[in-house]
Amino acid sequence: MSEPKKLYIKTYGCQMNVYDSERMAETLGGKGYVETQSPDDADMILLNTCHIREKAAEKVYSELGRFKGLKAEKPDLKIGVAGCVAQAEGEEIMRRQPLVDLVVGPQSYHRLPEMEAKTRDGAKALDTDFPEEDKFEKLKNRPKAKRGPTAFLTVQEGCDKFCAFCVVPYTRGAEVSRPADRILSEARDLVERGVREITLLGQNVNAYHGAGSNGDMTLAGLIWELNKVDGLERIRFTTSHPNDMADDLIEAHGTCEKLMPYLHLPVQSGSDKILKRMNRSHTAESYLRLIERIRAARPDIMMSGDFIVGFPEETEEDFQATLDLVEEVKYGYAYSFKYSTRPGTPAAERPQVDPKAADDRLQRLQALITRHQREIQDSMVGRKVRVLFEKNGRLPGQMVGKSEYLHSVHVSDAEVEVGELRDVLITASGANSLAGALV
Ligand code: 5AD
Ligand code: SF4
């Protein structure tokens, strides 16, 4: 029997790319590929890329340049670019970097086996279509391997919101929801393979409206169906848009026992002027009232968010409004980014903020967020949390898992296995994690 071919996939960007990379590895597994952790012994290298900010996209080209030596040594090595840079730049990638044999957009992953065969014949393969078929259904020839206790599951893809800064509506296309029965059968399959926690993914996950048995189902409806799956212990979802936080979803946060008390709800800015220019169609006030309602349903919910500083025409006063909003919400986690001009998006045409001022604002915002994060993490000391153990820690005898609030928690010298859910009393708060003892 011939040696299996080796596939090296490097994933950039969001969790959806992590999920997609797993699906690509499985589908190429059907063509005799096994995954390797190093590009040096690979027969095929795939970069699953992110186009969200300029830096993310540029990284791809510098990474590709590094494979020049490898390809010279091993002419049979095939190099592919997948993901949002592939979608946005298409053929341009092969022009700019002739090493590249294959370019595949996120909606065409199910065509990878044919594309791979084409590259083996010495041709270049390019596919950045938005086909009508359900690619995940076509990607289903997965081996039934055991899995770790947590998994991502894509339920919705694409976005119709067209925030003025964002490339996603162009790279991932229009909003599409997968039918509920397919998601449920995928979830059952994951649970059979050892998964205890599923994070439902979508660029606009709470806009989910997939076909159910009685018409369209909401995200809350889907969560309630998943709640019935035996062996599944925890449900999370990301990323949500404030405008799609429906009443049934807010209510589920108070009543659905497997739904974790954590919500990633990006607001981007605290200034109504900027929000309007971002085409966000909510205000700072409406966002704050929404959080009040969510906290009324689930008082201990951990809030998380995304912010952009230095959006075109942002003044110091606008930025102050962002700081005020952060002060009011107090996020357990938050991600803040300096605005990055994306060609083709409306904001790219607007007067840009001085990069020095933007850097300064980013630092101030991150300092405030870090302070809150720290205070919230420290406030866990003395509390009992429930931990899903995911892996061995760095030290001998140490086990690491996540609390319901997504804090990393480690315990030492405890009788606990990966995949177990146990109550832990938190005894200390470190730099990026909590320590505790089994109760
Ligand atoms: N510049 C900076 N940050 C951006 N994001 C999206 N587009 C841009 C951009 N052009 C951020 C938003 C979004 C997160 C995934 O990335 O905050 O919520
Ligand atoms: Fe990157 Fe956004 Fe594409 Fe995810 S959807 S890979 S974050 S550009």
Side-chain angles (χ1 to χ4, degrees), residues 148-150 195-200 223 227 232-238 240 245 249-265 288 290-306 325-335 366-439:
T150 64
V195 170
R196 294 287 161 266
E197 172 181 305
I198 291 180
T199 301
L200 306 176
I223 289 169
N227 199 53
L232 179 63
E233 306 287 351
R234 292 178 153 187
I235 305 165
R236 304 181 185 275
F237 59 89
T238 197
S240 296
M245 259 340 271
L249 188 56
I250 296 177
E251 198 188 309
H253 269 293
T255 50
C256 181
E257 63 271 26
K258 292 184 186 173
L259 182 58
M260 291 296 102
Y262 182 101
L263 181 63
H264 184 61
L265 196 63
L288 290 170
L290 176 61
I291 291 191
E292 256 172 29
R293 287 173 52 219
I294 296 163
R295 284 187 168 147
R298 180 77 200 219
D300 64 340
I301 199 159
M302 185 71 69
M303 291 304 305
S304 144
D306 288 340
L325 180 140
V326 170
E327 210 44 272
E328 189 157 344
V329 175
K330 262 196 132 183
Y331 292 90
Y333 302 82
Y335 307 88
Q366 286 182 340
L368 180 63
I369 288 169
T370 307
R371 178 159 66 76
H372 289 161
Q373 206 160 313
R374 186 80 242 175
E375 285 169 12
I376 292 173
Q377 193 190 295
D378 292 350
S379 75
M380 292 288 156
V381 177
R383 281 182 59 181
K384 196 180 75 177
V385 296
R386 199 150 171 82
V387 176
L388 174 60
F389 285 94
E390 294 179 10
K391 57 183 184 204
N392 293 307
R394 266 183 295 123
L395 303 175
Q398 204 180 48
M399 290 292 287
V400 189
K402 294 268 168 60
S403 77
E404 48 276 72
Y405 308 108
L406 222 49
H407 284 127
S408 271
V409 177
H410 55 87
V411 298
S412 298
D413 300 319
E415 290 287 310
V416 60
E417 308 261 322
V418 167
E420 264 188 271
L421 262 169
R422 300 285 291 272
D423 287 336
V424 174
L425 181 68
I426 301 300
T427 52
S429 173
N432 292 307
S433 64
L434 296 165
L438 293 188
V439 180

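Predicted model only: the values in this text are computed from it and were never measured.
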Enquirer: Determine whether the aromatic ring centres of residues His407 and Tyr262 are separated by less than 6.0 angstrom.
Expert: no
Enquirer: Who pairs with Lys330 by salt bridge (charged side-chain N to carboxylate O under 4.0 Å, His left out), at least two apart in sequence or on another chain?
Expert: Glu375
Enquirer: Hey, is CD on Glu257 packed in by over 12 heavy atoms from elsewhere, all under 6.0 Å?
Expert: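 Yes, the 6.0 Å shell around CD holds more than 12 heavy atoms from other groups.
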Enquirer: Does His264 have any ring-ring contact (aromatic ring centres under 6.0 Å, His included) partners at least two apart in sequence or in another chain, and if so, which?
Expert: Tyr335
Enquirer: Specify the closest pair of heavy atoms between Ser408 and Asn432, including all atoms of both residues, with the distance to one decimal.
Expert: CB-O, 4.2 Å
Enquirer: Once you round to the nearest 0.5 Å, how far does CD1 of Ile294 lie from CZ of Arg298?
Expert: 13.0 Å
Enquirer: To the nearest 0.5 Å, how far apart are OG1 in Thr150 and CD in Glu233?
Expert: 13.5 Å
Enquirer: To check you understand the geometry: which heavy-atom pair defines the closest contact between Leu265 and Ser240, and what is its length?
Expert: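 Looks like CD1-CB, 3.7 Å.
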Enquirer: What closest approach, in Å, do Arg371 and Glu327 show between heavy atoms, and which atom pair accounts for it?
Expert: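 Scanning both residues completely, I find the closest heavy atoms to be NH2-OE2, 3.6 Å.
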Enquirer: Which residue pairs pass the ring-ring contact (aromatic ring centres under 6.0 Å, His included) test with at least one member in residues 371-405, sequence neighbours excluded?
Expert: none
Enquirer: Taking all non-hydrogen atoms of both residues into account, name the closest pair between Leu438 and Ala414 and its distance.
Expert: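 That would be CD1-CB, 3.7 Å.
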Enquirer: Do Leu421 and Leu388 have side chains that get closer than 4.5 Å, going by heavy atoms?
Expert: yes
Enquirer: Please indicate whether Asp300 has more than 12 foreign heavy atoms, meaning atoms of other residues, nucleotides or ligands, lying under 6.0 Å from its CG.
Expert: yes
Enquirer: Can you name the salt bridge (charged side-chain N to carboxylate O under 4.0 Å, His left out) partners of Arg234, sequence neighbours left out?
Expert: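 Here the qualifying residues are Glu197.
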Enquirer: Could you tell me whether the side chain of Ile291 reaches within less than 4.5 Å of the side chain of Leu263, counting heavy atoms only?
Expert: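 Leu263 vs Ile291: side chains apart.
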Enquirer: Can you name the residues that form a salt bridge (charged side-chain N to carboxylate O under 4.0 Å, His left out) with Arg374, not counting sequence neighbours?
Expert: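 Testing Arg374 for salt bridge (charged side-chain N to carboxylate O under 4.0 Å, His left out), a comparison that skips the adjacent residues, returns Asp378.
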Enquirer: Any non-hydrogen side-chain atom of Val385 less than 4.5 Å from a side-chain atom of Lys402?
Expert: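 Val385 vs Lys402: side chains apart.
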Enquirer: Nearest 0.5 Å, please: how far is CZ in Arg383 from OG in Ser403?
Expert: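 Spacing of OG (Ser403) from CZ (Arg383) equals 8.5 Å.
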Enquirer: Under the 3.5 angstrom rule, does the side chain of Lys384 hit a backbone N or O of Asp423 as a donor-acceptor pair?
Expert: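 Absent.
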Enquirer: Quick one: closest heavy-atom pair of Ile223 and Cys256, and the distance?
Expert: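 Smallest interatomic distance, heavy atoms only, reads CG2-SG, 3.8 Å.
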Enquirer: When you measure from the side chain of Arg236 to the backbone of Glu404, do you find a donor-acceptor pair of N or O atoms at a distance under 3.5 Å?
Expert: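 Yes, the answer is positive, given that a donor and an acceptor are paired below the 3.5 Å cut-off.
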Enquirer: Measuring only between side-chain heavy atoms, which start at C-beta, is Leu259 closer than 4.5 Å to Asn227?
Expert: no
Enquirer: Would you indicate whether the side-chain heavy atoms of Leu325 and Tyr331 approach each other to under 4.5 Å?
Expert: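 Yes - at least one pair of side-chain heavy atoms lies under 4.5 Å apart.
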Enquirer: Please report the closest heavy-atom contact between Met245 and Leu249, naming both atoms and the distance.
Expert: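 Distance-wise, the nearest heavy atoms are CE-CD2, 3.8 Å.
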Enquirer: Once rounded to the nearest 0.5 Å, what's the spacing between atom CD1 of Ile301 and atom CE of Met260?
Expert: 11.0 Å
Enquirer: Write out all pairs satisfying side-chain hydrogen bond (donor to acceptor under 3.5 Å, both in side chains) with one or both partners inside residues 388-400, taking only residues at least two apart or from two chains.
Expert: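 Qualifying pairs, neighbours excluded: Gln398-His410.
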